[in-house]
Structure formats: structure tokens, C-alpha cells
Amino acid sequence: MWIKVLLATVILALVNSASAGDTLNRDDFPPDFIFGAGTSAYQVEGAADEDGRTPSILDVLALDENKTRGYGDRTCDQYHNYKEDVRLMANMGLNAYRFSISWSRLIPNGKGAVNPKGLEYYNNLINELISHDIQPHVTLHHSDLPQALEDEYGGWVSRRVVKDFEAYANVCFNEFGDRVKHWTTMNEANIFVLCGYDLGMLPPQRCSSSIIGIANCSKGNSSTEPYLAAHNMLLAHASATALYRRKYQELQRGFIGINIFTMDFSPLTNTTEDLSATQRAQDFNLGWFLNPIMFGEYPETLKRSAGWKLPSFTKAESNMVKGSIDFLGINFYYTCHVKNYPSSLPMGDRDILADLAFIYSCFGNATFAVEIPVRPWGLKNLLELLRNSYGNFPIYIHENGQQTLRDSSLDDWSRVIFMHEYIKSVLDSLRNGVNVRGYFVWSLLDLLEIITGYQTSYGLYYIDLNDPNLKRQPKLSAKWYSDFLHNRSMNPKITTELEKSAPMLSAAA
Ligand code: IFM
């Protein structure tokens, strides 16, 4: 008899260990770890001219380009379909939805009167989420400053924006803070200032085209404005945090943070030059925003390279910025190699990339590819770097996902593999003691991409833009995510595809 019991135990153990190696379950994560998906207002809402909303700098960029990049007048029309979208989220098993508030829908002039229709929309959306037990994680600025403020005083390059941002945040905390417990002031401010004020690729499309030669900007200064806009964004973020802590936090019991676009950097070669270029790349990518937030000042590398162009904080400002987050949100897509690239331009003529003298590549030998190489170890490295350099504070992965061409193919294997591998690396990091609290896939729906418009997408749901009903069609990735979140065993075909990709991934590592 005991031999039978022993045999049964061994067989059971073998079965368990085989499935433990291959499958990934929601139950591998702590119950309070949250899984979600994200979008942003301009990219998903539509109804751009409806109910009192005025244009943001994103609308104006699209209109200036004659809408070739795609325009957000309709996009996924979440403004009218939010109930349907919340139902999809609930069925999928999401714990949280990350979305942003359109500042110019809520306060059409950027300051002053609140638009009752805007208030009503966000109240409805938040209530619908809560009634389905989905946490709202809300971003206040996702590249969409009201154009009214850009026109009035130049937007983020003017110190006047700090007070207006604080007043806008006050309306949000006051109106929605009884139900919203996670506030993010800015989405990837580091990329926003680089693309908007240095390269001129994104709104407000300011740059010195003589220096960069990428965009043809009619105004701007790539040598100074990225630093100035970043400085004002840090002050605006810190003022909103100070206000939240002073007036709301104790009562509402929520948390506030900022979001940064992160990348994993490693040196292209082991030369001293590439090693120190990699350090400069880290300081620039993370430290530009995170050093002031953690230590109250900019990294030494930035101070040395940018000199007089980098604004400085007064003692009071530095104290206000230091410690101004309860959590950090990171967006992670790329694992890259860094190469030293010295510039011969004089200080006043250089843009920030020339100041820091490095270049990076994230696609191996290719300059660019639509599908992002799957290098999940990069996320693990990055999370560990954050812990080692800045302390083990709470982190949410706010964005991670695979880009594909936008088409009607619903068999998005590459996205399934991407998500599986990155979620696995989050689990490894958690097990190594990194303080990660949540993971959001970018994006819930095929939405209007800020750079590529409707050409590429990251969505779990496909939407045919010619369909008058904009029907949401689940891709394989939506089904995979749902199975994972419900601890359902995976469709065997998915398991086979994942197994097939495993040797490729470990060879690449
Ligand atoms: O769509 C964008 C998002 O708005 C900001 N982070 C990167 C995403 C993918 O390009």
C-alpha cells in the first residue's frame, strides 16, 4: 500500500513541477499585486470637439500636419463607449484601469471655470469602474496641455504653468479623490520634453532645426528649452503633490507619484568611454527627473554637461521636490546598447543629447523595427538598478507591451510572447525583493498612437475604424491575459508557441 502512496506522490510532484516551469499564473503573484491595462485621454476618448472640450497641444499638432498622423476626433470613442470598455475590463479580470484626464475637457481654458460635462464624464467613468471593482489609476498630464495655455504664455516653458497645473490638480483631487486612490501627475515627462522641445517630433513641436535636423520647427530652442520645460514640470509635479499631501491625503488615503519612460542601458563595448557613456545615459534618462525627486538636485553629469543651461532649484524648491512621490510609475519597452559619441559643438549650441554625448541602439543591427525585440532581462536589470540607486520604493509598471502593425489579424502571437516574458521577469524581480506593486499592459485598445497615428498599435482589442459601431474585437493577447488573470490553464497552442520561443529568448540573453 505505502508503495502506491509513494508512487502517487512522486507522480503528482512530477506533474506539478512540470507545470510550474511552463505556466505562469496570477496566483504566483501576491493577491494585492494589481494587473491592469492602460490608455490616455486623447488617444482613446474621441469626442474631441464635443461637450465643451477645447484642443490640447496634441490636437493642434495633428491638425497642423493636416491629420496625416491621425486625429483624435473619434479614435475609439471611449467617451461614448466607456460602459462597454469597463465591461470588457471586468470580463478580462483586470484589477485596475490606467487612464488620463483631459485637462482641456475638464477646464476648457486651462484655468478658471470647470466644464460640468467634463466633470460628469469622468465621474461616470470612475463610478462605472468602481462598481465593477476596478481601481482607477489616474494620470493628470499625458502630453496634452490645453492649447489655450500654450497660446497664452508658451505652456511648459513658462513658470506660470506651475500654478495652473496645481489648480487643475486641485479640481481633480477635490472632485474625484474620494474614489481615486492612485494619482500620477505626469506621464513620461522625460520623453515629452525631449521629443517636444529638443527633437520637435511631438507637441508643442519646438526645436532649433539647425541643430537637430529632424523636424522643421517654426519656434523653439533645443539647447535650453528641454531643460526649462523639465524644470517647470518638476515644480508643477511637486506643487501638486504638496497640495495633495496638505489638503487631501489624510482624508482620502490615496497615493501620488510621477511616471518616467525608462530603458535598460548597457555599454556597446567594454571601453572606458562606452562605460561612462552608459552612466551618462542612465543619469539622463532616470536621473534628470528622479535625482531631484529623491535627492533634491540634478545629477552631477547633467550639471557638468549642461552648465548654465540647466536651471537650478532654490533651497525651498529643492525641499519641495525632494520626496515628492509615494510611488514611481515606469514605462518600459526597450533594452538598448550605449555608445560614446562626443560632440564638437560649443555649449550654447548643443542640444541635450549632444551635451551628454552618447547614442543608443535598441534594435540590434536594425535602426528601427515595428515589433519591439523581446528582451525581458532588461526590465529586471532596470528594476534592480532603481532599487540599488534610489532605494526600494513602490513601483508600478505603467506601460509595457508589443507594437505591431495595425491590421485586422487577431492572432497576435508576438504580443502574447512579449507579455508572457515580461510578466515572468516582473515575477522574478518580485521574488528578488524588488518593491513592484502592479503591471499595466499598454494598451487596452488599438488606439491613436502619438507618433505613428493609426499605422501601428499595441492593443489587446482591435477596432476597425471603418466600422460605424467601432466594435471591440479581442485578440489572442486579450484571451491570454484573461486566462492568466483567471488562473485558467492556457490554450495548448499558446503553450506550444511559448515553448518554441523559449530557446530563442535564452540564446538572445
Ligand atoms: O502610446 C504611447 C503612450 O502614449 C506613451 N508611452 C508610449 C506609448 C507607445 O508608443
Side-chain angles (χ1 to χ4, degrees), residues 36-46 48 56-59 61-62 69-72 75-76 78 97-103 137-145 184-196 199 201-205 233 257-264 285-286 289 328-336 362-363 368-374 378-379 382 395-406 412 414-415 418-419 422 438-463 465 475 477:
T39 62
S40 87
Y42 180 72
Q43 294 180 275
V44 82
E45 279 178 6
S56 74
I57 55 176
L58 276 169
D59 301 56
L61 170 76
R69 200 190 288 240
Y71 181 54
T75 174
C76 308
Q78 189 166 83
Y97 178 45
R98 174 176 180 255
F99 63 97
S100 71
I101 290 179
S102 156
W103 183 348
H137 285 232
V138 176
T139 304
L140 296 177
H141 181 268
H142 195 114
S143 308
D144 57 350
L145 185 85
T184 302
T185 52
M186 316 269 170
N187 181 65
E188 51 191 52
N190 53 340
I191 288 292
F192 175 76
V193 294
L194 193 67
C195 294
L199 306 177
M201 292 159 61
L202 289 183
Q205 219 171 28
M233 290 185 98
I258 196 168
N259 169 286
I260 294 183
F261 188 93
T262 58
M263 287 181 257
D264 175 52
N285 191 237
L286 294 174
F289 281 80
L328 175 70
I330 61 166
N331 296 349
F332 188 91
Y333 297 92
Y334 298 107
T335 297
C336 312
C362 313
F363 294 93
F368 178 72
V370 171
E371 288 194 2
I372 303 170
V374 186
L379 176 57
L382 192 265
I395 293 180
Y396 287 93
I397 295 159
H398 270 162
E399 287 184 23
N400 176 245
Q402 177 60 290
Q403 175 172 244
T404 52
L405 284 176
R406 184 186 180 117
D412 56 343
S414 61
R415 185 163 294 110
F418 192 99
M419 288 165 66
Y422 280 90
Y439 173 93
F440 292 81
V441 176
W442 185 265
S443 48
L444 177 71
L445 308 170
D446 276 355
L447 38 72
L448 170 58
E449 270 303 321
I450 291 180
I451 295 184
T452 53
Y454 294 114
Q455 306 301 310
T456 69
S457 69
Y458 292 76
L460 301 176
Y461 284 81
Y462 169 69
I463 298 177
L465 296 169
K475 301 185 194 173
S477 53

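Atoms within a ligand are numbered from 1 in the order they appear, just like the ligands themselves.
At a 4.0 Å heavy-atom cut-off, ligand 1 does not touch Phe261 at all. Only the side chain of Glu188 comes within 4.0 Å of ligand 1, judged by heavy-atom distances.
Distances below 4.0 Å separate heavy atoms of Tyr333 from the following atoms of ligand 1: 7 (C), 8 (C), 9 (C). Heavy-atom proximity to Ile450, at under 4.0 Å, picks out these atoms of ligand 1: 4 (O). Distances below 4.0 Å separate heavy atoms of His142 from the following atoms of ligand 1: 3 (C), 4 (O), 5 (C). Each of the atoms 9 (C), 10 (O) of ligand 1 lies under 4.0 Å from some heavy atom of Tyr458.
For the residue pair Thr456/Glu449, the side-chain donor-acceptor check at 3.5 Å is not satisfied. Ser414 and Gln402 share no side-chain donor-acceptor pair at under 3.5 Å.
Looking from atom 9 (C) of ligand 1 to the surrounding protein, the closest heavy atom is Glu449 OE1, 3.3 Å. When hydrogens are left out, the protein atom nearest atom 8 (C) of ligand 1 is Glu399 OE1, 3.5 Å; that is the closest non-hydrogen contact.
Residues passing the salt bridge (Lys or Arg N to Asp or Glu O under 4.0 Å) test with Arg69, sequence neighbours excluded: Glu65. In this view, Phe363 and Tyr334, Phe368 satisfy the ring pair (Phe, Tyr, Trp, His ring centres under 6.0 Å) rule, not counting sequence neighbours.
Of the options Phe440, Phe418, Tyr333, a ring pair (Phe, Tyr, Trp, His ring centres under 6.0 Å) to Tyr458 is made by Tyr333 and by none of the others.
Here the straight-line distance linking atom CD of Gln205 with atom CG of Leu199 works out to 11.0 Å at 0.5 Å rounding.
The shortest N or O to N or O distance between Asn187 and ligand 1 is not below 3.5 Å.
Minimum interatomic distance between Gln403 and Val370 (heavy atoms only, all atoms of both residues): NE2-O, 2.9 Å.
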